[in-house]
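What follows is a short report on a single structure.
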Amino acid sequence: MSETGFYTDERTFWHSTGVQALFLPIGDWVQPPTGSYGADTPDSKRRFLNLVQASGLSRDLYMGGPAEVTRDDLLRVHTADYVTRFKATSDAGGGDLGTLAPFSKGGFEIACVGAGLAMALVDDVLSGTVANGYALCRPGGHHCTADVPMGFCLLANVAIAIEAARARHGLSRVAVVDWDVHHGNGTQSIFYERADTLTISVHQDRCFPPGYNGLEDRGAGAGAGYNINIPLLAGSGHDAYVYAFDKIVLPALERFGPELIVVSSGLDASAVDPLARMLLHSDTYRDLTKTMMAAADRLCAGRLALVHEGGYAEAYLPFCGHRIMETLSGVTTEVVDPVLDFFKAQQPGERLVAFQRQLIDEMAAQFAPAAAARGER
Ligand code: ZN
């Protein structure tokens with residue numbers, strides 16, 4: 001019961017976006033790459049798994065695989081039309097049914113394996129098979145809406161896992177905390193009018209979807225107040241993230257009282273990610289993981305599931321992911337982040353940190369106006 005789960009499947013590393021330069025389709029003035037196949041290669045994720053094995057940490061983890069994903073599992077979240085088109089296009093050789101979400105032949109089946117990893121993890125956390133855990137999903141999920149794939153995301157993995165858990169475990173209140181550096185627009189759209197799922201996205205302001213900020217989008221109908229966006233300035237570092245979690249994420253979780261916390265764990269807010277401009281390092285991911293574990297302990301008997309989203313720094317992502325797994329499991333290995341001090345030295349200076357905190361305070365006051373008026377934190 002005390003084990004931490006790590007859910008992976010080799011097939012997810014065989015998902016291919018075809019030939020891209022970073023995320024640019026080849027053609028017009030975009031030169032085909034030599035020896036590189038775009039940002040969303042399997043390498044960052046596979047190297048994460050490989051480091052967990054090389055360090056020996058895997059021996060202390062419950063190494064899990066995917067649950068089978070049925071059409072019914074998909075239809076709790078996606079439209080029948082989208083599932084049918086995705087399968088047909090995949091069978092016919094691949095394509096792109098949305099925005100920057102290309103896939104190759106068999107992409108549908110691989111995406112189902114990825115979603116199945118999230119489903120297995122959430123199911124095992126709820127049944128007590130594992131205490132907590134991480135699903136190394138690929139492709140990611142948080143940009144995919146009910147019927148439009150986007151930004152490397154082909155199925156809404158987190159939403160599929162949550163709805164499967166609702167069907168099997170009668171779960172009602174679930175909180176999703178999305179620390180991927182890009183906005184979790186798909187997850188937001190799926191739960192936007194629902195009060196049973198609190199969705200919180202901490203992201204780089206206006207990064208992706210391009211130009212999106214989201215601060216004013218708080219949910220609608222029954223879901224009004226159950227969607228929170230925390231757009232942080234490009235160049236935010238360790239302090240801004242920790243401060244935003246303390247001032248906004250944690251109070252929102254306390255107010256909501258979830259029965260399960262799911263983290264959409266993109267690792268693309270790192271200091272060297274090619275698709276964003278933040279300054280996090282492995283100690284930040286350790287601290288954010290600790291914060292989520294403490295919240296889960298306090299609010300929902302420790303039920304915490306981390307589901308992988310983006311992250312494109314092949315050389316560095318494994319150190320952030322490995323630190324998360326050490327933190328979740330409480331097991332320390334000999335792995336040392338070789339550039340931690342380098343990135344710590346590059347954090348924003350005092351005046352910029354003070355400005356970033358001021359912006360976060362202003363946002364926090366908007367999310368908890370009553371509490372702020374009483375002078376509470
Ligand atoms: Zn991302």
Side-chain angles (χ1 to χ4, degrees), residues 12 15 17 20 22-24 38-48 96 98-103 111 114-115 117-118 134-145 148-159 176-190 199-214 229-237 240-241 244 249 262-282 284-285 288-289 306-321 324:
T12 66
H15 164 58
T17 58
Q20 295 180 309
L22 200 59
F23 59 88
L24 309 175
D40 190 25
T41 70
D43 288 6
S44 56
K45 290 85 179 171
R46 186 183 264 134
R47 288 169 66 109
F48 176 5
D96 189 336
T99 305
L100 298 174
F103 56 92
L117 294 172
Y134 198 105
L136 188 55
C137 294
R138 182 170 185 271
H142 73 148
H143 292 309
C144 187
T145 71
V148 182
M150 182 192 271
F152 303 137
C153 297
L154 303 175
L155 292 174
N157 302 326
V158 162
V176 180
V177 176
D178 186 330
W179 67 41
D180 187 284
V181 76
H182 307 108
H183 176 240
N185 62 293
T187 312
Q188 168 176 294
S189 74
I190 288 163
T199 47
I200 304 173
S201 176
V202 186
H203 51 267
Q204 182 185 319
D205 188 18
R206 286 165 245 222
C207 184
F208 191 87
Y212 188 79
N213 168 275
N229 284 315
I230 307 171
L232 300 178
L233 295 180
S236 291
Y241 271 79
V249 177
V262 180
V263 173
S264 260
S265 177
L267 302 181
D268 40 15
S270 85
V272 281
D273 196 278
L275 296 187
R277 284 152 293 278
M278 294 305 206
L279 291 168
L280 303 193
H281 45 62
S282 57
T284 318
Y285 287 107
L288 297 184
T289 302
L306 275 65
V307 176
H308 196 78
E309 300 285 357
Y312 309 96
E314 294 169 8
Y316 190 56
L317 184 148
F319 292 100
C320 297
I324 289 174

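In this text, all values refer to a predicted model and were calculated from it rather than measured experimentally. The residues of the chain are indexed from 1 along the displayed sequence. For ligands, and for the atoms within them, numbers begin at 1 and follow the listed sequence.
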- Message: So, applying side chain to side chain contact (heavy atoms under 4.5 Å, CB included) with D268, which one of L280, D180, L317 is it?
- Response: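 So, applying the side chain to side chain contact (heavy atoms under 4.5 Å, CB included) to D268 and each of L280, D180, L317, only D180 qualifies.
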- Task: Start with the C-alpha gap between L100 and H143, add the side-chain angles, then the distance that decides, and say whether side-chain contact (heavy atoms from CB on, under 4.5 Å) holds.
- Result: CA-CA 10 Å; L100 298 174; H143 292 309; over 6 Å; no
- Protein N, O or S within less than 2.8 Å of the Zn ion (ligand 1), waters excluded: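 Only D180 OD1, D180 OD2, H182 ND1, D268 OD2 fall inside 2.8 Å of the Zn ion (ligand 1).
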- Message: Y312: which residues meet the ring pair (Phe, Tyr, Trp, His ring centres under 6.0 Å) condition with it, sequence neighbours left out?
- Response: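 Expected list: F152.
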- Is there a donor in the side chain of E314 and an acceptor in the side chain of T41, or the other way round, less than 3.5 Å apart?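 Yes, T41 and E314 have a side-chain donor paired with an acceptor closer than 3.5 Å.
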- Query: Do the side-chain N and O atoms of H183 and N185 include a donor-acceptor pair separated by under 3.5 angstrom?
  - Reply: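 There is no such pair between these side chains.
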- Message: Quick one, L154 with H15, criterion side-chain contact (heavy atoms from CB on, under 4.5 Å). Give me CA distance, side-chain angles, the key distance, then yes/no.
- Response: CA-CA 11 Å; L154 303 175; H15 164 58; 3.7 Å; yes
